Amino acid sequence: MLDINLIRKDPDLVRTALLNRGYDPAPLDEILALDVQRRSIIARNDELRALRNEVSKQIGRMKDVAEREAKIAEMRRVGDEIDLLDAELRKIEAQLHELIASLPNLPDPRTPIGPDESHNVVVREERGWLPAPTFDVKPHWEIGEQLGIIDFERGVKLSGTRFYVLNGWGARLQRGLIAWMLDLRREQGYVERYLPFMVRSDVVFGAGQLPKFRDNLYHDAEEDFWFVPTAEVPLTGLHSAEILDGNALPLLYAAYTPCFRREKMSAGKDVRGLKRGHQFDKVEMYAITKPEESDHYLEKMLHDAEETLRRLGLTYRVKLLCTADLGFAARITYDIEVWSPGVREWLEVSSVSNTGDFQARRANIKFRRERGAKAEFVHTLNGSGLALPRTMIAILENYQQPDGSIVVPEVLRPYVGTDLIRGA
RNA sequence: GGAAAGGUGGCCGAGUGGUCUAAGGCGGCGGUCUUGAAAACCGCUGUAGGGCUCCGCCCUACCGUGAGUUCGAAUCUCACCCUUUCCGCCA
């Protein structure tokens, strides 16, 4: 949520930001007009309330019945006017809130300006220590079925397209990855959280997925629960409406959750394999920091996510997203993409973002530097560490042997319980 | 799912229609006293919005949430949410 004071003070800054993102800046003028209306109504309304409060106190003390009745009649009219103004104000504030809530975050100055994803900037490319394959690597859906560790058909039987079943060592590999990633995060200073996978509407709003992106979410109508599309949602809600102790910051969290996404926007795209399912697992990193420290922790989280791929020996590259590709709540985002020789593409396994105070405003998360100091909004950051299915793809393809077996990465062996996967 | 009790400031807790400008206590901050500390005493204490002559002052709103009654609501009415306990069900 953008600060109305900023919009009021520097509308051109916001206008430019919206244009850079490819958003229509028209709501801005509407917002400015409503803001003026709103304040004039409040001024008049507060005046009337002050009058009514004062006179009502006098009425309580009045002895003269005629005078008393006259004042009561007068205040009844004042009350009627207040009711009218209240109704008008509620309408305007609802419109204003809806319009402001639909505006995305302002991009950081370092975010490249560009009209589409081709303007994302590759910051660096890191070659893993794993030797490049000398044979024709099969895509994971082929090798997965061949080994019997991925069952696409039965996934479809159970739940339809974009679902699959992991069998035996396949399931075990993913579970091992999750446990290993969580242990790595702890080593890096993150405290593990186990969270609800279903949350209330206001929690989803706080993270920025509602109201704009409801089409991509699963919703239980009976209980009004939303299935989390990422752990970022409950992690943002965790400290909503709290004023944190500045000395306790930063708060660094890691959480494993499944993620549920309808993927309506991309029907027909990436339907094959593990790449884009309706349900996938992820280990997430999250940080709540003081404003002046958030950029430092953005770099830390990026480094920590990269460390995951480094330890697996995989080749990856880091991209700085341009304005067109930037998520709604983010002001700056790094994507990490791992190379996978079977599908022959760079797979996005992590996205690390600084949202500044955007989510903090929506979720109302504040801190106090010291006792008695004014409460300020925190900054929040999120980063995948990492998305499991695509990490699985990278392992099944990068660690594939000519005979069709999969070598288990050394760091994972204690977690998976085998050195080599030859079948389910 | 059923029944009962409850929800008031950072915390505890009083308050059942009119200086509530929410008592009192605890905690915290500042001060007096002290060689220092403790004790005692004095003062201060939240969030949001708006206005101004803007280091400050003034106004408005906020007692779980939302509607309603009233000149006036923490207090009365209705609905909802949440918490606790008991019963039922259950891994």
Side-chain angles (χ1 to χ4, degrees), chain A residues 1-9 31-101 194-206 210 219-226 234 237-249 251 258 357-378:
Chain A
M1 188 88 101
L2 297 183
D3 183 0
I4 179 65
N5 293 304
L6 176 70
I7 299 174
R8 194 185 295 151
K9 211 175 74 199
I31 287 169
L32 291 168
L34 286 169
D35 180 51
V36 171
Q37 279 185 50
R38 171 175 176 271
R39 282 185 294 158
S40 103
I41 290 174
I42 284 174
R44 176 76 184 135
N45 204 6
D46 281 2
E47 217 171 89
L48 291 173
R49 282 173 188 272
L51 175 70
R52 184 175 69 179
N53 287 346
E54 181 53 35
V55 175
S56 288
K57 273 180 208 165
Q58 289 171 15
I59 289 172
R61 288 185 241 113
M62 278 180 183
K63 300 282 188 293
D64 186 313
V65 176
E67 193 187 354
R68 188 186 158 99
E69 287 308 315
K71 284 293 182 192
I72 287 177
E74 189 186 332
M75 285 311 105
R76 191 173 295 139
R77 283 195 301 274
V78 169
D80 289 345
E81 194 178 342
I82 289 173
D83 286 345
L84 285 175
L85 289 172
D86 271 344
E88 184 69 12
L89 189 60
R90 265 201 299 274
K91 216 175 77 192
I92 287 176
E93 291 195 324
Q95 283 174 31
L96 205 49
H97 181 263
E98 195 187 321
L99 286 169
I100 295 174
Y194 174 82
L195 304 156
F197 302 158
M198 300 183 292
V199 296
R200 301 172 197 283
S201 299
D202 57 297
V203 176
V204 188
F205 176 85
L210 276 180
H219 180 235
D220 167 45
E222 296 216 316
E223 304 289 342
D224 195 24
F225 278 133
W226 298 83
L238 202 56
H239 292 291
S240 67
E242 290 184 26
I243 299 176
L244 303 166
D245 175 4
N247 296 315
L249 300 181
L251 297 175
D357 63 7
F358 189 82
Q359 289 177 328
R361 284 179 185 281
R362 291 176 86 99
N364 192 17
I365 312 169
K366 296 185 170 181
F367 78 104
R368 239 189 271 280
R369 292 181 190 274
E370 60 208 44
R371 206 163 262 287
K374 199 172 157 45
E376 302 169 55
F377 286 111
V378 297

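Chain letters run A, B, ... following the sequence lines, proteins first, then strands; residues in each count from 1. Model, not experiment: these values are computed from the prediction.
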Check: 5'-most contact on RNA chain B: A375(A) or R200(A), nearest heavy atom basis?
Finding: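 Counting from the 5' end, the first nearest nucleotide belongs to A375(A).
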
Next item on the list: Could you pick out which residue, S56(A) or R38(A), lies toward the 5' side of RNA chain B when each is mapped onto its nearest nucleotide?
Entry: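 Closest to the 5' end, via its nearest nucleotide, is S56(A).
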
Check: Taking both distances under 3.5 Å as the test for a Watson-Crick or G-U pair, what stems of at least three pairs does RNA chain B have?
Finding: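 Ordered by first number, the stems with RNA chain B (at least 3 consecutive pairs each) read B:1-7 with B:81-87, B:10-12 with B:24-26, B:27-32 with B:40-45, B:46-52 with B:56-62, B:64-68 with B:76-80.
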
Notebook entry, point to check: Taking only residues two or more places apart in sequence, or in another chain, which ones meet D83(A) in a side-chain hydrogen bond (donor to acceptor under 3.5 Å, both in side chains)?
Noted result: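 For D83(A), no residue satisfies side-chain hydrogen bond (donor to acceptor under 3.5 Å, both in side chains) once neighbours in sequence are set aside.
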
Margin query: Could you work out, with side-chain hydrogen bond (donor to acceptor under 3.5 Å, both in side chains) as the rule, every residue matching E81(A), not counting sequence neighbours?
Written below: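 With neighbours one apart ignored, the set is R44(A).
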
Margin query: F377(A): which residues meet the ring-ring contact (aromatic ring centres under 6.0 Å, His included) condition with it, sequence neighbours left out?
Written below: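 If we apply the ring-ring contact (aromatic ring centres under 6.0 Å, His included) test to F377(A), skipping adjacent residues, there are no hits.
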
Next item on the list: Only pairs at least two apart or in different chains count here, so list each ring-ring contact (aromatic ring centres under 6.0 Å, His included) that has a residue in residues 48-84 of chain A.
Entry: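 Residue pairs passing ring-ring contact (aromatic ring centres under 6.0 Å, His included), neighbours aside: none found.
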
Check: Distance check: side-chain N/O of R52(A) vs OP1/OP2 of rC71(B), anything under 4.0 Å?
Finding: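 So the side-chain polar atoms of R52(A) never come under 4.0 Å of the phosphate oxygens OP1 or OP2 of rC71(B).
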
Next item on the list: Determine the interatomic distance between C1' on rU45(B) and the same-named atom on rC54(B); round to the nearest Å.
Entry: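 Between the two C1' atoms, the distance is 22 Å.
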
Checklist line | Pairwise P distance, rU32(B) and rG17(B) [rounded to whole Å] | finding: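 The answer is 46 Å between these two P atoms.
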
Between the protein and nucleotides 9-11 of chain B, are there any N/O to N/O pairs under 3.5 Å, and if so, what are the atom names and distances?
none

Notebook entry, point to check: Where along residues 68-76 of chain A does a heavy atom fall under 4.0 Å from RNA chain B?
Noted result: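 R68(A), I72(A), M75(A), R76(A), in order of number.
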
Next item on the list: Mind listing the residues from residues 41-49 of chain A sitting with a heavy atom below 4.0 Å of RNA chain B? Number order is fine.
Entry: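 RNA chain B contact set from residues 41-49 of chain A: I42(A), D46(A), R49(A).
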
Item checked: Rounded distance [0.5 Å steps], CD in Q95(A) versus CD1 in I31(A) ->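 Q95(A) CD to I31(A) CD1: 11.0 Å, rounded to 0.5 Å.
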
Check: Rounded to the nearest 0.5 Å, what separation is found between the CG atom of L84(A) and the CG atom of L89(A)?
Finding: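 Separation between the atoms: 12.5 Å.
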
Next item on the list: Mind checking side chain to side chain contact (heavy atoms under 4.5 Å, CB included) for E67(A) and listing every partner two or more places apart, or none if nothing turns up?
Entry: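 Counting only residues at least two positions away or on another chain, E67(A) forms a side chain to side chain contact (heavy atoms under 4.5 Å, CB included) with M62(A), D64(A).
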
The criterion is salt bridge (Lys or Arg N to Asp or Glu O under 4.0 Å); which residues satisfy it with [X], sequence neighbours excluded?
X: E88(A); result: none
X: D357(A); result: R361(A)
X: R49(A); result: D86(A)

Margin query: Check this for me: does any side-chain nitrogen of one of E74(A) and K71(A) sit under 4.0 Å from a carboxylate oxygen of the other?
Written below: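 A salt bridge links E74(A) with K71(A).
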
Next item on the list: Send over the distance from N53(A) CG to rA73(B) C1', rounded to a whole Å.
Entry: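 In whole Å, rA73(B) C1' lies 12 Å from N53(A) CG.
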
